[in-house]
Amino acid sequence: MGDIRQSLLPRDVLSAAKELLYHLDIYICNMVQSGRQPPQVDSKTLDLIEEFILHTPKDRNAPVRRMSALQELQLLEIMCSCFQEQSRETVRQLMFSALFNLQGNQADESRMALLSKLVSMAVAVGRVPILECAAVWLQRTHRLYCVRLVQVLVDDYCSMVPGSGPTLQNIHSASPRFCCQFITAVTTLYDLTSDELTPPLELLQMIVSWIQDDPRLVLITFLNSPLSGSQPISSLDVTPLGGLIRWCIKAPLAYRRDKKQAVANGSSDGEPDAARLFSALHLSVLQVLMLLPNILNEKGLFGRLALLQMESVAALTSDLSRLLDQADKHTHAATTDAHAASQLALDRLAQALQVAMASGALLCSREDLRAICSRLPHNNLLQLVLSGPVMYYNNIHTPPLAYSPHAAHSPIPAHTALPTLPAHTPHTPLSSIPASHAQYPAQPFMTGMPFPFRPGH
């Protein structure tokens, strides 16, 4: 395609971009039809894209070509039509990659700007082919750029234009694949570490309704990805489960900040109750985890593939411990509301850990859990989970799969027969345990605590 450059130079910016898109479509169609493996766009074609579509001149002395706002809108409409009219998925994906795959050069900022506007328009007018291509892009691109893209979408549909939320809501039915990747990127962006990184309530309400309507939505990327394919380093997680669990556990404490207090109490007019939404989300996430045993067994992956990584769980417990310390410093004294919020966060952590381990999403031992939870204050339910039985998996001797960008947790070694347990003696009452936390007693491991489901061997 390098020979068409001279014919593009005399044209105006919009006409040149339109002509290049036309030739790019033909070029990729011919490449796919020829059966070249792997199909890859050459560097000269990428240079033409950067010069005539992204307007990054290759010659320092060449004048910079700029589009007006109207011309840029017309270009976006042309691109939407181009992808809509191309019936072959392979051609669309290759074309999208040629236009928007990051190259590590100065044109990447123009790529991101054009991509954000194109995807935002695709959401507005329901261009499913572009949303499907964007879903693959989100799966393969560094997470820092993924969160930039979804930040634009959240700003466009939840902040800048009042009443435009229902338009974004429709991506669930238009492209579930894109919706799944959108949720994963959103939970990566909003980590609840500050007011700015707390999800807008309208967005939270959308995500809750999506998962309630279709719990398998958050597993779509996992279910449709090749098991042997490794995720690029620093890409998004294969499911949003880790991010959603982090939201549910941190929410009772994060939403107690001054600016969120009125919302958390449901006192703001017309706003949904944040506490109710996070409670519903927590229940939905637990229900999704309970779907996993059958899915993992069907794929022969139960006990071999960890969808939740221990590193992420350790980071979550560390964040939770920090939030509890901050709550202590801010309240200076135990209050009923503060204690209830802290215990709710710990209850949700315990529930998530137990269900994740039982469903095969988290592969670890109780000793691992006790180590990462050792700095947390006491919670009855968490104590019960930490004292529970060792988890056993059917494929215990099969090496784990390195499916996600993070290394899978090592398989649990084969267990030996348990010795006969001595007669149980009553444990020390919880109230008599000395407190190492400013407000709560410590989280010890009580070896003598009974557990009705301990296996007998």
Side-chain angles (χ1 to χ4, degrees), residues 192-193 242 245-257 264 275 278-279 281-283 285-286 289 308 310-358 361-362 364-391 421-454:
L192 278 70
T193 56
I245 290 173
R246 180 172 61 245
W247 275 13
C248 297
I249 293 172
K250 295 174 66 174
L253 298 171
Y255 269 75
R256 287 188 56 81
R257 299 188 189 99
F278 278 113
S279 179
L281 180 62
H282 179 61
L283 175 60
V285 170
L286 295 181
L289 290 173
L308 298 177
M310 271 300 288
E311 294 82 358
S312 300
V313 177
L316 172 58
T317 57
S318 177
D319 287 346
L320 184 57
S321 177
R322 177 182 52 81
L323 284 172
L324 291 167
D325 289 339
Q326 290 177 352
D328 283 345
K329 294 176 182 177
H330 291 160
T331 56
H332 300 291
T335 64
T336 302
D337 289 344
H339 180 73
S342 300
Q343 289 299 304
L344 177 59
L346 293 168
D347 281 344
R348 288 179 179 174
L349 173 64
Q351 292 166 357
L353 290 177
Q354 177 61 32
V355 177
M357 292 182 69
L362 177 63
C364 67
S365 65
R366 302 286 173 174
E367 288 74 17
D368 294 331
L369 287 185
R370 286 194 285 269
I372 65 175
C373 295
S374 60
R375 296 184 63 248
L376 296 176
H378 178 79
N379 172 268
N380 289 340
L381 185 58
L382 184 58
Q383 172 65 57
L384 190 64
V385 171
L386 298 181
S387 306
V390 179
M391 301 301 297
L421 296 176
H424 171 65
T425 57
H427 61 269
T428 305
L430 298 181
S431 58
S432 63
I433 300 174
S436 60
H437 193 272
Q439 183 174 339
Y440 308 94
Q443 180 71 61
F445 170 57
M446 303 176 191
T447 55
M449 183 171 182
F451 195 85
F453 304 104
R454 184 179 298 280

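The stretch residues 246-255 participates, sequence neighbours left out, in these salt bridge (charged side-chain N to carboxylate O under 4.0 Å, His left out) pairs: K250-D319.
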Run the numbers on Q343 and L381 for side-chain contact (heavy atoms from CB on, under 4.5 Å), then give the verdict. CA-CA 9 Å; Q343 289 299 304; L381 185 58; over 6 Å; no
Assess the residue pair R366 and L386 against the criterion (side-chain contact (heavy atoms from CB on, under 4.5 Å)); give the C-alpha distance rounded to whole Å, side-chain angles, the decisive distance to 0.1 Å, and a yes or no. CA-CA 6 Å; R366 302 286 173 174; L386 298 181; over 6 Å; no
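In this structure, OG in S365 is found 7.0 Å from CG in L369, a value given to the nearest 0.5 Å. The CG atom of L349 sits 5.5 Å away from the SG atom of C373 when rounded to the nearest 0.5 Å. Distance check, rounded to the nearest 0.5 Å: CG of L308 to CD1 of I245 gives 4.5 Å. Within the model, atoms CD of Q354 and CD of Q351 stand 10.0 Å from one another, a figure rounded to the nearest 0.5 Å.
Nearest heavy-atom pair, F278 versus C248, reported as atom, atom and distance to 0.1 Å: O-SG, 4.1 Å. The nearest pair of heavy atoms linking A352 to L289 is O-CD1, 4.3 Å.
Proximity of V313 to C364: side-chain heavy atoms (C-beta onward) are nowhere separated by under 4.5 Å. With a 4.5 Å cut-off on side-chain heavy atoms, L192 and L253 do not count as touching. In this structure, M310 and I372 have side chains that are in contact, with non-hydrogen atoms separated by less than 4.5 Å. Under the 4.5 Å side-chain criterion, counting only non-hydrogen atoms from C-beta, I249 is not in contact with H282.
The side chain to side chain contact (heavy atoms under 4.5 Å, CB included) search around L344 returns P252, R348, not counting sequence neighbours. Residues passing the side-chain hydrogen bond (donor to acceptor under 3.5 Å, both in side chains) test with D347, sequence neighbours excluded: N379.
The side-chain contact (heavy atoms from CB on, under 4.5 Å) test with S321 singles out one residue from L324, D325, T317, and that residue is D325.
Put simply, the side chain of S279 never gets that close to the backbone of A275: no donor and acceptor are under 3.5 Å apart.
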